[in-house]
2 protein chains.
Amino acid sequence: MSIQKIARLAGVSVATVSRVINHSGSVKPHNRERVLAAIEESNYQPNLLARQLRTARSYMILVLVSNIANPFCAEVVKGIEEEAEKNGYRILLCNTGSDMARSRSALTLLSGKIVDGIITMDAFSKLPELTTMIGQAPWVQCAEYADEGSVSCVGINDIDASQYVIQHLINRGRQRIALINHDLSYKYARLRERGYNSVLEQNGHGWRAVEYASELSFDAGRTAMETLLRADERPDAVFAVSDTLAAGALLAIAQAGLTMPDDIAVVGFDGTPLAEMVSPQLSTVAQPSLQIGRKAVSLLLNKIDNPDTPAERVMMDWRFIERASA
Amino acid sequence: MSIQKIARLAGVSVATVSRVINHSGSVKPHNRERVLAAIEESNYQPNLLARQLRTARSYMILVLVSNIANPFCAEVVKGIEEEAEKNGYRILLCNTGSDMARSRSALTLLSGKIVDGIITMDAFSKLPELTTMIGQAPWVQCAEYADEGSVSCVGINDIDASQYVIQHLINRGRQRIALINHDLSYKYARLRERGYNSVLEQNGHGWRAVEYASELSFDAGRTAMETLLRADERPDAVFAVSDTLAAGALLAIAQAGLTMPDDIAVVGFDGTPLAEMVSPQLSTVAQPSLQIGRKAVSLLLNKIDNPDTPAERVMMDWRFIERASA
DNA sequence: CTGAAAGCGCTTACAG
DNA sequence: CTGAAAGCGCTTACAG
């Protein structure tokens with residue numbers, strides 16, 4: 001069923017049918033009626049591929065995330081989708097699992113003109129090749145600071161947030177504060193570690209212990225915590241850079257027969273619903289996840305409409321939520 | 001940068017360039033070299049829209065979920081993506097939030113030929129209009145039994161699983177077993193409630209209490225449990241149809257000063273990582289989420305390749321995991 | 001093994 | 001207000 005057939009049915013040209021469908025130009029009421037009737041009668045649906053090919057505009061954006069099962073990530077994606085929907089855009093979600101091949105494969109959608117732009121929530125420092133693939137296409141990095149190039153980004157001030165957490169723990173009298181961090185190829189992981197180190201240094205604390213989780217999962221958090229507990233000097237506080245990791249830490253601590261926060265205080269990150277589900281409930285740094293997602297879309301759409309816009313780096317507000325764990 | 005330019009650069013016809021790109025037909029080595037060189041030199045990327053329009057095949061599938069933040073849902077989506085990737089397909093994810101307008105808008109991608117087929121994880125009984133929109137297009141319902149029409153489905157036997165849970169609780173001496181269910185427009189919600197009722201009846205238990213959560217969230221679970229606790233006769237066991245709901249119930253019970261499983265036993269559903277994160281850890285019905293997702297894709301691709309295949313209804317195995325909560 | 005040509009289903013100047 | 005025609009960038013019989 002094509003626009004041709006509708007034109008024939010309605011007794012007009014394809015141009016007129018197109019004008020009716022797109023509300024462009026003006027069409028004599030009588031003809032509009034006939035076209036509408038023909039569309040109705042034949043249950044016609046325009047072929048979007050043809051339209052997109054012709055207009056070189058797809059109204060779709062690609063979203064690359066490393067792990068959709070991470071609740072923070074899921075919230076950001078919801079924000080992205082909301083704002084995209086509001087502007088007539090669709091999202092194409094790709095869960096890369098930080099896998100190079102999957103990411104590369106997804107990026108062919110960009111170069112193949114299937115999408116108008118891309119939002120990423122993944123680490124790119126290790127992957128210069130991907131950066132090259134994206135080239136000059138509209139691109140926003142989400143919840144991951146981009147300090148170079150023409151890519152925009154939106155997130156929070158990770159150093160400040162991290163410093164706040166460590167200072168909070170020091171004020172509570174904690175002496176041996178450990179860090180459960182993510183892979184350092186993530187910029188935010190480097191920034192939070194920098195905040196951790198700077199405050200400890202500033203306060204004359206020499207004790208350090210950092211474990212790196214291979215992914216933002218419950219199991220990785222538990223494993224990291226178990227390692228920390230096996231050390232000669234046990235930490236009396238742990239700062240995990242994700243609520244999911246912190247949840248894993250809670251279990252390891254409980255299984256070691258220790259109590260929280262007395263033996264060990266625990267602080268998470270992200271402020272996801274998960275932080276309220278575990279016990280003790282997690283103190284955490286709440287990120288405005290929905291807003292981050294929405295802002296990422298508005299930056300991207302602005303770039304799509306105005307390709308000459310310079311890159312923007314937006315910092316959103318965060319806040320510390322104090323609960324029973326620390 | 002189009003195939004035309006490459007042809008000119010390489011001094012061959014566009015047909016030859018196309019043959020090289022698609023490894024179809026045979027091309028004299030010398031010409032192949034030249035084409036490859038031209039592609040390399042100009043960093044050419046084929047326009048996928050044009051290809052898809054021409055071949056009437058997009059190698060994309062639409063996935064409609066009601067709430068991607070639900071961990072079970074996220075797992076299924078991972079399975080879908082894995083299998084799709086393996087077969088050269090991409091997924092277009094749409095988080096409908098059970099919103100009619102969003103669902104309808106997403107379905108234009110189907111009628112607009114942007115995708116080759118659709119996998120849904122949402123309730124459709126309330127939405128005959130959407131069913132009409134999908135029409136005869138390849139469609140698989142995931143984790144939701146479809147008992148009519150030409151739509152295939154893959155899930156577990158919800159009645160059996162539910163019956164098993166209730167029988168387990170009865171065997172443990174529970175007298176007043178409550179159910180925290182989801183919206184009955186979901187087929188699985190109706191089936192699990194049927195299992196609940198049948199076993200209680202069979203065992204001569206007259207006591208019933210059912211609460212309906214408006215969505216599969218922690219808060220909805222907590223609210224439902226609070227309502228159950230306010231009743232004159234408190235339940236001594238609760239079966240929630242999702243781990244997320246059960247997690248909310250755990251908090252409500254703990255906040256009421258009751259202990260688990262002594263005062264109240266709790267059983268969840270899905271077998272997500274969340275069930276291990278909460279305390280007490282949840283007894284739950286584990287669904288093979290990744291496999292469900294994978295199977296959904298293979299059913300769908302089969303339907304795409306062989307449109308005359310009759311609808312299939314696949315039941316996967318589930319298993320009960322016993323933990324501290326019940 | 002290769003190329004000229006038709007055609008996928010649209011949109012959009014352009015001329016009237 | 002309307003239509004004939006060009007063209008978006010591909011693929012694929014068809015003829016040679």
Side-chain angles (χ1 to χ4, degrees), chain A residues 1-39 42-60 88 90 108-116 137, chain B residues 1-39 42-60 88 90 108-116 137:
Chain A
M1 183 57 52
S2 72
I3 202 173
Q4 281 280 6
K5 283 205 193 157
I6 299 299
R8 219 159 336 176
L9 251 170
V12 297
S13 72
V14 294
T16 299
V17 176
S18 178
R19 288 188 193 102
V20 171
I21 293 173
N22 298 300
H23 312 99
S24 65
S26 46
V27 177
K28 221 190 322 197
H30 172 254
N31 282 335
R32 162 171 290 114
E33 302 289 292
R34 300 206 51 178
V35 169
L36 259 15
I39 288 175
S42 52
N43 196 24
Y44 165 74
Q45 302 283 142
N47 183 309
L48 267 23
L49 287 174
R51 174 183 294 169
Q52 291 172 8
L53 173 62
R54 182 54 230 246
T55 59
R57 195 71 181 267
S58 71
Y59 290 95
M60 301 217 280
R90 295 272 157 43
T108 60
L109 297 176
L110 223 207
S111 45
K113 310 292 181 191
I114 298 283
V115 296
D116 294 335
Chain B
M1 183 56 52
S2 73
I3 203 173
Q4 280 280 6
K5 283 204 192 159
I6 299 299
R8 219 157 339 174
L9 251 170
V12 298
S13 73
V14 294
T16 299
V17 176
S18 178
R19 288 189 192 102
V20 171
I21 294 173
N22 298 301
H23 313 100
S24 65
S26 43
V27 177
K28 221 192 318 196
H30 172 253
N31 282 337
R32 164 172 288 114
E33 303 287 294
R34 301 206 51 177
V35 169
L36 257 17
I39 288 176
S42 51
N43 195 22
Y44 165 74
Q45 303 282 142
N47 183 310
L48 265 26
L49 288 173
R51 175 183 294 169
Q52 292 172 9
L53 173 61
R54 183 53 232 246
T55 59
R57 193 74 181 266
S58 72
Y59 290 96
M60 303 216 278
R90 295 273 155 42
T108 61
L109 297 176
L110 222 206
S111 45
K113 310 294 181 188
I114 298 283
V115 296
D116 295 336

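Throughout, a chain's letter reflects where its sequence line sits, starting with A, and its residues are numbered from 1.
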#### Entry: Distance in angstrom units between B:L49 CG and D:dG7 P, rounded
20 Å
### Task
Report which part of the nucleic acid B:S18 touches: base, sugar-phosphate, or nothing (heavy-atom distance under 4.0 Å, all strands).
base
### Query
Can you tell me how far CZ of B:R32 sits from CZ of B:R19, rounded to the nearest 0.5 angstrom?
11.0 Å
### Query
A:R51 has an atom CZ; how far is it from atom P of C:dC8, in whole Å?
18 Å
### Task
Give, for atom CG of A:D116 and atom CZ of A:R57, the distance between the pair rounded to the nearest 0.5 Å.
5.5 Å
### Query
Of the nucleotides D:dT12, C:dT11, D:dA4, which has the atom closest to the A:A15 side chain?
D:dA4
### Working for side chain to side chain contact (heavy atoms under 4.5 Å, CB included), residues A:R90 and B:L109
CA-CA 9 Å; A:R90 295 272 157 43; B:L109 297 176; 3.5 Å; yes
### Message
Please determine whether a side-chain nitrogen or oxygen atom of B:N47 lies at a distance below 4.0 Å from atom OP1 or OP2 of D:dC8.
### Response
no
### Message
Any donor-acceptor pair, under 3.5 Å, between the side chain of B:R54 and the base of C:dG9, if you only look at N and O atoms?
### Response
no
### Query
Does a nitrogen or oxygen in the side chain of B:S13 sit under 4.0 Å from OP1 or OP2 of C:dG3?
yes
### Summary
Considering only heavy side-chain atoms of A:T16, the closest of C:dG3, C:dT2, D:dT2 is D:dT2
### Query
Whole-Å distance between D:dA4 P and A:I3 CD1?
14 Å
### Query
To the nearest angstrom, how far is B:R57 atom CZ from D:dT11 atom P?
15 Å
### Query
When the distance from CZ of B:R34 to P of C:dG3 is rounded to whole Å, what number comes out?
11 Å
### Least distance between heavy atoms, B:S13 atom then B:A7 atom
C-CB, 3.8 Å
### Message
Nearest to the side chain of B:T55, heavy atoms from C-beta on, is which of C:dG9, D:dG9, D:dT12?
### Response
D:dT12
### Task
Send over the distance from A:I114 CD1 to D:dC8 P, rounded to a whole Å.
18 Å
### Summary
CZ of B:R51 to CG of A:L49, rounded to nearest 0.5 Å, is 13.0 Å
### Query
In whole angstroms, how far is the C1' atom of D:dC8 from the CG atom of B:L48?
15 Å
### Query
If you measure from CD1 on B:I114 to OG on B:S58, what distance do you get to the nearest 0.5 Å?
7.5 Å
### Task
Ignoring the backbone of B:R19, work out which of D:dC10, D:dC14, C:dC10 is nearest its side chain.
D:dC14
### Query
Taking A:N31 as the fixed residue, which of A:V12, A:L36, A:V20, A:V17 is the one that meets the side chain to side chain contact (heavy atoms under 4.5 Å, CB included) rule?
A:V12
### Query
Once you round it to whole Å, what is the distance between C1' of C:dT12 and NE2 of A:H23?
18 Å
### Task
Among D:dC8, C:dC1, D:dT11, find the nucleotide with the atom closest to the side chain of B:N22.
D:dT11
## Note on the structure
Annotated structure of DNA chain C as dot-bracket, pair cut-off 3.5 Å, Watson-Crick or G-U only, | for inter-strand, is |||.||||||||.|||
